[in-house]
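Note sheet for the following structure.
The first residue in the sequence is number 1, and the count goes up from there. The figures that follow rest on heavy atoms only: side chains count, while hydrogens, waters and symmetry mates do not. Ligands are counted one by one from 1 in listed order, and the atoms in each one are counted from 1 as well.
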Amino acid sequence: MSGFFISFEGTEGGGKSTQIALLADRLRKQGQHVRLLREPGGTPIGEEIRHLLKHSEANRQMVPEAELLLMNASRAQLVREVIRPALAAGEIVLSDRFYDSTTAYQGYGRQLDLALVRSVIEFAVGPTHPHLTLLLNVSPEVSEARQRARQAASAGPRDRFEEADRHFFERVENGFLRIAKNEPQRVKLVDAAQNIDAVHEEVWRLVEVSMAASGRC
Ligand code: TMP
């Protein structure tokens, strides 16, 4: 049986990690093989690229074009080293972000040419696309408040993305909403301002419907 690929998307503070963990638990309890991934990252090469992109002190001046290519270098590796083999083995792949983050952050956020961004993504992923994308949506105000709370709890330095200004995050949020509007079959909007259990139930319902429609279960 071929696998099923679900990506989780959204701006910071939408609770993606929590929801992915809850979904993975529930699927595993049903006896499914679940593979958890994150982007950028998910392979040894990808995790090094993640450090370059997010945390390396030397990279504060990274230009958007380099950012776009590094995100997609990590993705090209992840798709071939992990995602395709996992799907071929019938696993359910859950990825914390995938290519819609590039469209939203580098395209809408950094304002790179959208057609160019799309062609770089196509080169990186080839025919490998998520069957379902869950966009965990919160307003820029909620996102900012949750980021501040997380920052206060972690005590570590902010990463390069967390340092961007409010206008950047508004463009990113708007980008995600446009993606959802353009691809309503694949991308489902989830109101992530609700409590954790309510969000999880909505996620579960969308996953069940989508997997049933694709004949996965
Ligand atoms: P996160 O794993 O904490 O969400 O951090 C990843 C950061 O990288 C987040 O700020 C979004 C950003 N990002 C992009 O800008 N483009 C991309 O293609 C991906 C996958 C992530």
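Only side-chain heavy atoms of Gln106 come within less than 4.0 Å of ligand 1; its backbone N, CA, C and O stay farther off. Of all the heavy atoms of Arg75, the ones lying under 4.0 Å from any atom of ligand 1 belong exclusively to the side chain. Counting heavy atoms under 4.0 Å from ligand 1, residue Arg97 touches it through the side chain alone.
For the salt bridge (Lys or Arg N to Asp or Glu O under 4.0 Å) condition, the pairs that include at least one residue of residues 73-86, sequence neighbours left out, are Glu39-Arg75.
Nearest non-hydrogen protein atom to atom 14 (C) of ligand 1 is Met71 CE, 3.1 Å. The protein heavy atom nearest to atom 7 (C) of ligand 1 is Phe161 CD1, 3.9 Å. Given atom 2 (O) of ligand 1, the protein heavy atom at minimum distance is Arg50 NH2, 2.9 Å.
Rounding to the nearest 0.5 Å places NZ of Lys16 at 7.5 Å from OG1 of Thr11.
For the pair Glu67 and ligand 1, the shortest N or O to N or O distance does not fall below 3.5 Å. Residue contacts with ligand 1: Thr102 is placed with a nitrogen or oxygen under 3.5 Å of a nitrogen or oxygen of the ligand (distance criterion only).
Side chains of Ser7 and Ser95: a donor-acceptor N/O pair is absent below 3.5 angstrom, by distance only.
Listed by atom number, the atoms of ligand 1 under 4.0 Å from Glu39 heavy atoms are 20 (C).
Between Glu12 and ligand 1 there is a heavy-atom distance shorter than 4.0 Å. Heavy-atom distances between Lys54 and ligand 1 reach below 4.0 Å in at least one pair. Ligand 1 lies out of reach of Arg38, whose nearest heavy atom is not under 4.0 Å from it.
Comment: Glu173 does not engage Arg166 in a salt bridge, judged by the lack of any side-chain N to carboxylate O separation of less than 4.0 angstrom. With respect to the salt-bridge test (charged N to carboxylate O, under 4.0 angstrom), the residues Arg60 and Glu163 qualify.
Using bins of under 30°, 30° to 60° and over 60° for the plane-to-plane angle, the ring pair His131/Phe4 lands in the parallel bin.
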Cut-off 3.5 Å, no hydrogens considered: what does the side-chain donor-acceptor table look like for residues 117-126, sequence neighbours left out?
residue : atom : partner : partner atom : Å
Ser119  : OG   : Leu116  : O            : 3.0

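Ring to ring, His129 and Tyr99 are close: their centroids are under 6.0 angstrom apart.
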